[in-house]
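Here is how names work: the chains are called A, B, and so on, in the same order as the sequence lines, proteins then strands, and each is numbered from 1.
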Amino acid sequence: MSQQTLFEFADTTNNCISEEVEQELADKQRQKDLELKKKQEKEKSSVRKKGLLKRILEKDINTEELLTDLNTAQTDAVKHKDGPMLVLAGAGSGKTRTVTRRIAYLIYEHGVNPYSILAVTFTNKAAAEMRERVESILGESLKGMWISTFHSACLRILRMYIDRVGYENDFVIYDVDDTEKVIKQSMKALGIDKEKYKPRAIKSEISMAKAEQMDPAYYETVCEGDFEEKVAFVYKDYQKRLKANNALDFDDLIFLTAKLLDEDEEVLKRLQSKFKYIMIDEYQDTNFAQHNFAMQLSRAHKNLFVVGDDDQSIYEWRGAEIENIIEFEQNFPDDDVKIIDMITNYRSSDNILEVANSIICKNSYRKKVEFLQGILGPGEPVYLVEAYDEKKEAEFVARTVVELTYAEGVKASDIVVFYRTHSQSRVLEETFIKNAIPYKVFKGTSFYERMEIKDVLAYLKFVANPRDSVSLERIINLPRRGIGKKAFEKICIEAQRMNICAGELILRINQLPRITLPKALHRKIIDFGKLINEFSKFAEENTVYNLIMKILTDIDYYEYLRKTFEENYAERQENVKELLSTIADFEKSDALDDEGRTLKEFLSYLTLLTDMDKSDDEYMERVSLMTLHSSKGLEFDTVFLTGMEEGLFPTFSAFDDFKKLEEERRLAYVGVTRAKRQLFISYATQRMRFGKTLNLKSSRFVREIPVELLKMMIAR
DNA sequence: GATACGTACCTTTTT
DNA sequence: GGTACGTATC
């Protein structure tokens with residue numbers, strides 16, 4: 001679209017287009033700024049590095065400072081240098097502080113090169129926090145040090161070496177949505193009835209197999225029963241399809257890295273000699289492949305420092321193995337494994353801790369014998385609230401929130417409401433709206449799963465990787481260009497006949513001989529191919545940001561949104577704009593090294609990002625609503641633990657399974673230990689579930705708490 | 001290819 | 001009670 005037509009649009013239609021123009025004009029300036037900033041940063045970091053080295057050599061830094069305000073257990077952990085160590089860090093025991101100080105201590109006191117340190121966490125948020133805190137202690141930007149999530153660490157390793165396990169280095173990552181589509185394709189091709197076998201169940205079984213590092217061939221030999229047999233077929237075909245699309249799923253990132261370390265001695269040696277000090281956070285949540293990753297990398301030097309809390313293991317249902325932490329020392333039969341118990345809790349009042357301890361002591365499979373010890377004194381009583389039904393419960397929460405925020409001056413953002421399942425948020429939300437209480441629901445990965453975001457990303461993905469047939473299918477008729485489902489099928493069949501992938505057929509249709517497709521379709525494909533080829537060419541010389549701007553304009557995406565979603569198109573447009581600002585941030589951030597800021601890297605980065613990683617300011621002055629699973633690692637002044645009913649929490653499905661029941665109990669423990677000052681535990685005697693009203697009694701977890709620790713209330 | 005209705009389902013989800 | 005998906009119909 002030419003400049004002129006753009007301006008014409010701007011004059012005659014709504015202001016979104018003129019904003020677009022403004023953005024485009026501002027963009028040139030932005031790019032200049034970006035280049036300037038890059039230059040400055042490069043200069044700065046070289047100066048900084050000199051400073052750091054010099055200071056270390058001259059012992060200009062007082063390492064004793066790194067030990068101030070630490071208790072004995074924390075000091076021991078911080079000072080530890082070589083050999084395996086397990087730090088059992090109870091809830092609120094100052095784990096992050098200990099880990100970050102230890103990294104600083106390694107560098108300053110022991111002269112370890114930051115380049116040799118690998119620190120792994122599970123969430124982007126935890127990784128960012130750790131990096132930030134280490135950098136603030138050291139006053140340096142530590143670009144050479146790997147502080148990242150399991151997935152991004154593995155991503156970086158695979159980008160370098162994946163060709164050694166038979167893949168190509170420029171792979172893309174498929175998210176949950178994409179992989180489910182591939183599973184469905186696979187089932188269809190194999191003639192497996194998706195009514196009888198749920199694609200999601202198969203996906204999760206494959207996920208479990210990968211967590212246990214079983215490849216399709218091995219899985220085939222150990223699968224048992226009808227369902228697993230079907231999974232074995234799908235697994236094999238699914239991997240083939242991913243490979244044909246030049247794509248990996250989330251689990252592959254870990255699975256293939258572990259496999260690489262197992263099978264390629266040369267790569268293993270190289271990585272072992274790079275990562276001389278390895279730290280893993282939340283070790284109770286590692287699965288076999290992750291555990292193996294850690295063990296392999298540290299096998300030569302044994303400098304493996306793991307932190308975790310078996311009492312907070314809540315992801316066994318996803319393949320995490322609590323044994324990894326409980327039986328940690330058995331991995332090192334010939335070594336002295338040091339174990340540190342951090343049981344002093346700096347977060348919660350004694351009343352809250354007593355409740356927490358009384359819950360967790362009912363579990364039998366535990367590493368620790370001791371319980372959390374507080375330092376803050378008894379504090380407020382813990383309330384147990386009985387409500388007639390879920391509505392009354394929600395009203396109680398709302399009323400109390402209003403009281404706390406108005407009368408007691410508690411900030412809304414310091415209040416959280418926990419529940420076992422997302423479905424419970426509905427009543428709470430309705431009640432909060434009625435009472436004009438600002439709130440924010442935390443839900444898995446909602447933002448990047450929004451349709452409009454996935455549309456835009458699908459264009460990018462296909463441009464980056466023409467073999468990505470999942471993305472192709474999404475965009476080929478978006479906006480409508482007369483290539484529907486049937487037409488796409490024809491294309492796929494034709495491509496298969498010619499032994500190429502659909503993307504290649506589309507992009508190279510002019511050079512392909514003997515193609516037999518209907519004339520009209522042929523024409524349309526040529527047009528579409530031209531469009532994509534133009535994008536690819538553009539991508540080579542422009543930033544991702546500009547590429548998206550071009551795509552949005554060329555396909556007239558905002559117009560498409562307006563036509564398709566009359567009521568809420570503005571919101572969807574907002575989402576796209578938010579994506580654009582994320583990209584702008586990405587381009588100037590140091591999330592990746594300089595060379596890695598390509599389209600593919602950007603896509604990987606986005607795929608590995610979740611809603612939870614978005615900036616905090618969105619949650620300012622709002623009450624948080626989230627599942628107990630999402631709560632791990634967080635803390636709040638006031639906690640409402642709702643829906644504590646037998647059958648809901650613990651869920652019915654855990655009743656007959658000892659291990660599951662203990663995991664549920666740990667979940668309750670995690671919830672309680674999030675509270676700093678005030679804790680309200682509540683249950684309803686009656687609750688609507690699946691359209692039926694159930695009569696429920698309070699959760700066994702509640703009844704296990706000695707009555708004298710609770711102040712009973714009835715919510716009317 | 002869009003719409004309208006019927007029916008099956010219904011944990012938790014760091015990436 | 002709500003939804004998400006599949007099929008019947010135009």
Name the closest nucleotide to the [X] side chain, picking from [options].
| X | options | answer |
| --- | --- | --- |
| A:R318 | C:dG2, B:dT13, B:dC10 | B:dT13 |
| A:R426 | B:dT15, B:dT13, C:dT3 | C:dT3 |
| A:T149 | B:dT14, B:dT15, B:dT13 | B:dT15 |
| A:W317 | B:dT14, B:dC10, B:dT13 | B:dT13 |
| A:S653 | C:dG1, B:dC10, B:dT11 | B:dT11 |
| A:T421 | B:dT15, B:dT14, B:dT12 | B:dT12 |
| A:H629 | B:dT15, B:dT12, C:dG1 | B:dT12 |
| A:K632 | B:dG1, B:dT14, C:dG1 | B:dT14 |

Classify the ring geometry of A:Y197 against A:F227: parallel below 30°, tilted from 30° to 60°, perpendicular beyond 60°.
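Judged by the thresholds at 30° and 60°, the geometry between A:Y197 and A:F227 is parallel.
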Confirm from the modelled atom types if A:R420 and B:dT11 form a donor-acceptor pair under 3.5 Å, side chain to base only.
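No such pair is found, so the answer is no.
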Under 4.0 Å, heavy atoms only, any strand: does A:Y315 hit a base, just the sugar-phosphate, or nothing?
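Here A:Y315 touches the bases of the nucleic acid.
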At under 4.0 Å between heavy atoms, what does A:S152 touch on the DNA or RNA strands: base, sugar-phosphate, or nothing?
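Nothing, no nucleic acid heavy atom in range.
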Between A:K210 and A:D252, does a salt bridge (charged side-chain N to carboxylate O under 4.0 Å, His left out) hold up when you go through it step by step?
CA-CA 7 Å; A:K210 287 181 181 175; A:D252 280 335; 2.9 Å; yes
Indicate, with yes or no, if the rings of A:Y315 and A:H629 have centres closer together than 6.0 Å.
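Close enough - the centres of the two rings lie under 6.0 Å apart.
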Cation-pi, A:F636 ring and A:R347 (6.0 angstrom, 45 degrees):
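Cation-pi check for A:R347 and A:F636: fails.
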Within less than 4.0 Å of OP1 or OP2 of B:dT14, is there a side-chain N or O belonging to A:S630?
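Answer is no, no contact under 4.0 Å.
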